There are 2 protein chains.
Amino acid sequence: MTHRSYPLYAIGVVESVLTEPAEAPRQSDEDAPPAWLVFEPELRSGLAGIEAGAEVIVLTWLDRARRDTLTVHPRGDLSRPRQGVFATRSPHRPNPIGLHRVKVSEVDGLRLRVDHLEAVHGTPIVDVKPVLGDPSER
Amino acid sequence: MTHRSYPLYAIGVVESVLTEPAEAPRQSDEDAPPAWLVFEPELRSGLAGIEAGAEVIVLTWLDRARRDTLTVHPRGDLSRPRQGVFATRSPHRPNPIGLHRVKVSEVDGLRLRVDHLEAVHGTPIVDVKPVLGDPSER
């Protein structure tokens, strides 16, 4: 590797009833519970314009994942041949960034309620972006 | 902030004819040119399973962006009121991660050709993920 690295900061944290990765559904559409995204106070102005009903992409840092994994059995199914992690959504990957498309159901100051999120309680949030209108950009 | 930070590694780099951020279209659908994604040799096995035709999400590190920006005029249009960066796709944000949905047109070992990419030459790549079938997960 080039060994270049960049410090990623936690801008907030997930509050969820999910506490163990083993409980978490593998994707957000699979019965994940609602959750709160709780942001750091000094980033308040960065949230201006996010309203209930907004569709957003939340990027998280999956801090319990392994970073030295390069191949996995898709969805943990040992009957399926190993694939490269970049061809899968495995949390285990060199930079374990989680990507979650969610709908904001409530805005309460530094807290955003989202409809479904598979990330566990305490997962650091690293970015939030709007979903764009054009499906090609999602 | 909590001051927690996590080191993000460059897993590869963008090769593009775009060299200046000012030339880059603001979103990938706006006449962005094709580009190559060139990966670090030791991550080769992580690419297994990515084939021509695949739709993938590329995450980049926008290393020329400002990290201390919390509000912007959307799309740089001064006639529009300032919004929080998390309500926009501005590259300037606390963690300047670029999110690009692209189609792979060619696979050549450690190099993936993609159809359109608005990131400039030399932009570090930090992750690649497949687009999932269900639009709710995009």
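Bear in mind that the values here come from a model prediction, so they are computed numbers and not experimental data. The sequence lines fix the lettering, A, B, ..., with proteins before strands; numbering per chain opens at 1.
- At a threshold of 4.5 Å between non-hydrogen side-chain atoms, the residues A:Asn95 and B:Leu59 do not count as touching.
- Summarising the local packing, CZ of A:Arg66 is surrounded by 12 or fewer heavy atoms from other residues, nucleotides or ligands at distances under 6.0 Å.
- Between A:Ile97 atom CD1 and B:Lys129 atom NZ the span is 6.5 Å, to the nearest 0.5 Å.
- Inter-residue side-chain proximity for B:Val56 and A:Phe86 is flagged as unmet; no heavy-atom pair is nearer than 4.5 Å.
- Comparing B:Pro81, B:Gly49, B:Pro130 by heavy-atom pairs within less than 4.5 Å of chain A, the highest count is held by B:Pro130.
- Taking hydrophobic clusters as Ile, Leu, Val, Met, Phe, Trp and Tyr residues chained together by side-chain heavy-atom distances below 4.5 Å, B:Val107 does not share a cluster with B:Trp36.
- When the candidates A:Gly46, A:Gly12, A:Ala87 are compared by the number of heavy-atom contacts under 4.5 Å with chain B, A:Gly46 comes out ahead.
- Proximity to chain A is limited to the side chain of B:Arg67, based on heavy atoms less than 4.5 angstrom apart.
- Note that the CG atom of B:Asp63 and the CZ atom of A:Arg4 stand 7.0 Å from one another [nearest 0.5 Å].
- Of the listed residues (B:Val126, B:Thr69, B:Thr71, B:Val72), the one with the most heavy-atom contacts under 4.5 Å to chain A is B:Val126.
- Heavy-atom distances place both the backbone and the side chain of B:Ser45 under 4.5 Å from chain A.
- Atoms CD1 and OG1, on A:Ile50 and B:Thr88 in that order, are 9.0 Å from each other to the nearest 0.5 Å.
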Please lay out, stage by stage, how A:Leu99 and B:Leu99 fare under the test side chain to side chain contact (heavy atoms under 4.5 Å, CB included).
CA-CA 10 Å; A:Leu99 188 156; B:Leu99 189 156; 3.9 Å; yes
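- Note: B:Gly84 leads B:Pro74, B:Gly84, B:Pro96 in heavy-atom pairs under 4.5 Å with chain A.
- The environment of B:Glu51 atom CD is sparse: at most 12 non-hydrogen atoms of other residues, nucleotides or ligands sit within 6.0 angstrom.
- Using a 4.5 Å cut-off between side-chain heavy atoms of Ile, Leu, Val, Met, Phe, Trp and Tyr, with links allowed through other members, A:Val38 and A:Leu43 fall into different hydrophobic clusters.
- At a threshold of 4.5 Å between side-chain heavy atoms, the hydrophobic network of Ile, Leu, Val, Met, Phe, Trp and Tyr places A:Leu62 and A:Val13 in two separate groups.
- In terms of non-hydrogen atom pairs under 4.5 Å with chain A, the most contact-rich of B:Arg93, B:Lys103, B:Arg82 is B:Arg93.
- Taking each heavy atom of A:Ile57 and B:Arg89 in turn, the nearest pair found is CD1-NH2, 3.8 Å.
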